[in-house]
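Below is one structure, written out as structure tokens, with a few remarks after it.
Values reported hereafter were calculated over all heavy atoms of this structure, with side chains retained and with hydrogens, waters and symmetry mates removed. In what follows, residues are counted from 1 in the order of the sequence shown.
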Amino acid sequence: MRRDRSSRVPLRRSLLGRLLGVSALVAACSVAATAWLAVQTTSGAIRQEQGQNLAADARIYDTLLGYAARHPTWDGVDATVRELAEQSGRRVALTTQSRQPLADSATAATPPALPPEASAVVDPLSVDTVLAARSTEGQGTAADRIDPRAVGPFLLPAAERSALRRTADRQAVCLNRVGIAADVVVGPSGRPRVQMVGNDPERAAGTRCDPSDLDSPTRTEKKALTALNGLADACLKRQGRGEVRLNQDLSWGGGVAVPVPGPARPTPLPGDAREAAPAPAVEPPREFTGEDDRAIASCVGTARSEQLSSYVASPALLFIGDEGGTTVPGFDLSPANTAKIAGAAALVLALTVGASVLAGARLVRPLHALTGAAQRMRDGQEHASVPVSGDDEIGRLAAAFNDMSAHRARLEEQRKAMVSDVAHELRTPLSNIRGWLEAAQDGLADPDPAFVSSLLEEAVQLQHIIDDLQDLAAADAGVLRLHPEPVRVGELLSQVAAAHQARAETAGVTLTVEAGAVAILPADPVRLRQAVGNLVSNAVRHTPAGGRVTLRAYGEEAGRLSEGAGEVVIEVADTGTGIPAGDLRNVFDRFWRAEKSRSRRTGGSGLGLAIVRKLAEAHGGSVSATSTEGEGSAFTLRLPASGPDGMTTAS
């Protein structure tokens, strides 16, 4: 069995695999050398630069975040931006989320374009926990992304602040007097609290200096907490859940504080109002499921954002870079490090060139052989081949070239045989015509009706050969024109049978038509009759007296010719001598005959079946043959029901 050289070869044996292996080796060396040099020469500089940049970025972000938390707009932020730029030596720019400029520290008349990606989004209601510089007393956690400096309605007026500060100072003095170190810490809302060293509130129990006196909320804090509780209840109501009473630390439940995403005790409310919020009324303990807790936590977070939204600045895009427009300042390599990198690059280049030369040499040798063979073929050698050295891409190319060369030699032999056959086919009728005419000229033959009939028969035979050759030439050139129109297949078969009826009767052959259901096939009626006529003529010529030739038509899908079938099948079957199995593959070749005689009985021109194949292909179909020697043959035309130009069948 012939080996299929177009099949895929294992990657390790293919030329592509070898090239990939060499490339991978060179790339690995390059990456390893580059990585080693990068680690050795730049790791320290990168760590230092990154540390400085991250610290500066965090400080800039935190400062602008605090500004946004304390101001409802970005008006007046220019001074802060310029001060941050001077301190960090960086370019700082703020824009709206639609990239409209708010402030820019660039000093150039035409500032460089901002990078496509912002360094951060400054939004006090959605803090970037990576960049935010949180203090030890800050209220933010990973889950609570609201900046603690955004106090909004919890900001205490001066009178309440002064009263609370006096109380806090008295308690701190009292605690220090009994030996407990304590300090007064003022939160962003202005509410003071007593912070004991060690942060152990139980140490103050039993003394007269209990700092819980500061837990009573002020009027401002009561109002703000009531509004926050209302917003949370409205959110829960939209979800079909009951109301909840928030404690002063934003927990809920019957005296059991359940932390929520956000500040937790002793962390104060936004604005430190949590410690001052009114204590909840004593209610029977209420059981909350995990789903309830998640819903309440979500609503409390939403309520806080909604309550504070009008007190803080809108979100802004922060861009941090240098004056040249880049986001991270660069650093210079030392001469020694530069020399190391240059040496490694030269080594990698040498390895790459060496590997490429070796791979190229192995690739070029078989290509030179192919080039030489092609030149020998051009110089007229009938068959030029090259040695196949492997089963990779080049080896398969060489095998394909050898196949092409052998095929070209076969085609050349066929061309020479065809020229010889054409010359012979034309010479026979021309010789007959010339002989009869010379005989008449010499007075050896009388130009009677039999004489004229013989000349006419030879002329008709000559015309048939010329017409067949013209049809084949037009088909080969792709200029065989079709004029499709709706054709009733049954009527066409009847017409062909009627045209060959006289010849069949003379040969003693019965000619019948079995068209089945009548349908319309889009086709060129003249060319289709020619194809079917050639099959019928061939069948009658090879069927002995007493035999039968049958024309059938049916639709392939339904088993009969019907509307909507995918293919229309026209079959011409005979009970003749049949064709040997070894000759079936040649029956559609030009000038091929099962019998080599040139007699008028069976020796046609050898072009009829070749024309049938070309006409079937022009209609978008095909033709095939089956035969049993001694029993008969069947030639089958398969034509698409949509026709050669996309026409569809209709009944």
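Side-chain atoms of N176 come within 3.5 Å of backbone N or O of A172 as a donor-acceptor pair. Between the side chain of S119 and the backbone N or O of I320 there is at least one donor-acceptor pair closer than 3.5 Å. No donor-acceptor pair closer than 3.5 Å links the side chain of S298 to the backbone N or O of R294. Remark: side-chain polar atoms of R91 are paired, donor with acceptor, to backbone N or O of P112 under 3.5 angstrom. A side-chain donor-acceptor contact under 3.5 Å links S309 to the backbone of E306.
A side-chain N or O of S98 and one of T96 form a donor-acceptor pair less than 3.5 Å apart.
Going from atom CG of L308 over to atom CD1 of I146 covers 6.0 Å, rounded to the nearest 0.5 Å. The OG1 atom of T220 sits 6.0 Å away from the CG atom of L156 when rounded to the nearest 0.5 Å. Put simply, CD on E243 and CD1 on I296 are 11.5 Å apart, with the number rounded to the nearest 0.5 Å. Here Y311 contributes atom OH and H71 contributes atom NE2; the two are 15.5 Å apart, rounded to the nearest 0.5 Å. From Q307, atom CD reaches atom CG of N229 across 10.5 Å, with rounding to the nearest 0.5 Å. Rounded to the nearest 0.5 Å, atoms CG (L228) and NZ (K223) are 14.5 Å apart.
Put simply, the side chain of V121 does not reach to within 4.5 Å of the side chain of L318, judged on heavy atoms. A heavy-atom distance below 4.5 Å is found between the side chains of W74 and S314.
Pairing each heavy atom of F319 with each of A118, the nearest pair is CE2-CA, 3.5 Å. Contact between R90 and A85 at its shortest, heavy atoms only, is O-CB, 3.3 Å. Heavy-atom minimum distance, G242 versus L236: O-CD1, 3.6 Å. Closest approach of P188 to P148, counting heavy atoms only: CG-O, 3.7 Å. The minimum heavy-atom distance between R241 and A295, with the atom names listed, is NE-CB, 3.3 Å. Closest approach of S310 and P72 over heavy atoms only: O-CB, 4.0 Å.
Just one residue in the list V81, L84, V122 forms a side chain to side chain contact (heavy atoms under 4.5 Å, CB included) with T63, and that residue is L84.
Ionic pairing of D169 and R165 is present here: one or more N-O contacts between side-chain nitrogen and carboxylate oxygen are shorter than 4.0 angstrom.
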Going through the checks in order, is the side chain to side chain contact (heavy atoms under 4.5 Å, CB included) test met by L94 and D104?
-> CA-CA 6 Å; L94 276 176; D104 194 343; over 6 Å; no

Side chain to side chain contact (heavy atoms under 4.5 Å, CB included) assessment of R70 paired with L155 | CA-CA 10 Å; R70 293 188 294 268; L155 183 64; over 6 Å; no

Decide side chain to side chain contact (heavy atoms under 4.5 Å, CB included) for V186 and R161; before the verdict, give the C-alpha distance in whole Å, the side-chain angles of both, and the deciding distance to 0.1 Å.
-> CA-CA 10 Å; V186 180; R161 193 181 306 149; 5.5 Å; no

With side chain to side chain contact (heavy atoms under 4.5 Å, CB included) as the test, would you mind laying out the steps for V244 and D233 before giving the verdict?
-> CA-CA 6 Å; V244 66; D233 288 341; 3.8 Å; yes

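Atom CD of Q239 has more than 12 neighbouring heavy atoms from other residues, nucleotides or ligands inside a 6.0 Å radius. For CZ of R99, the number of neighbouring non-hydrogen atoms (other residues, nucleotides, ligands) closer than 6.0 Å is greater than 12.
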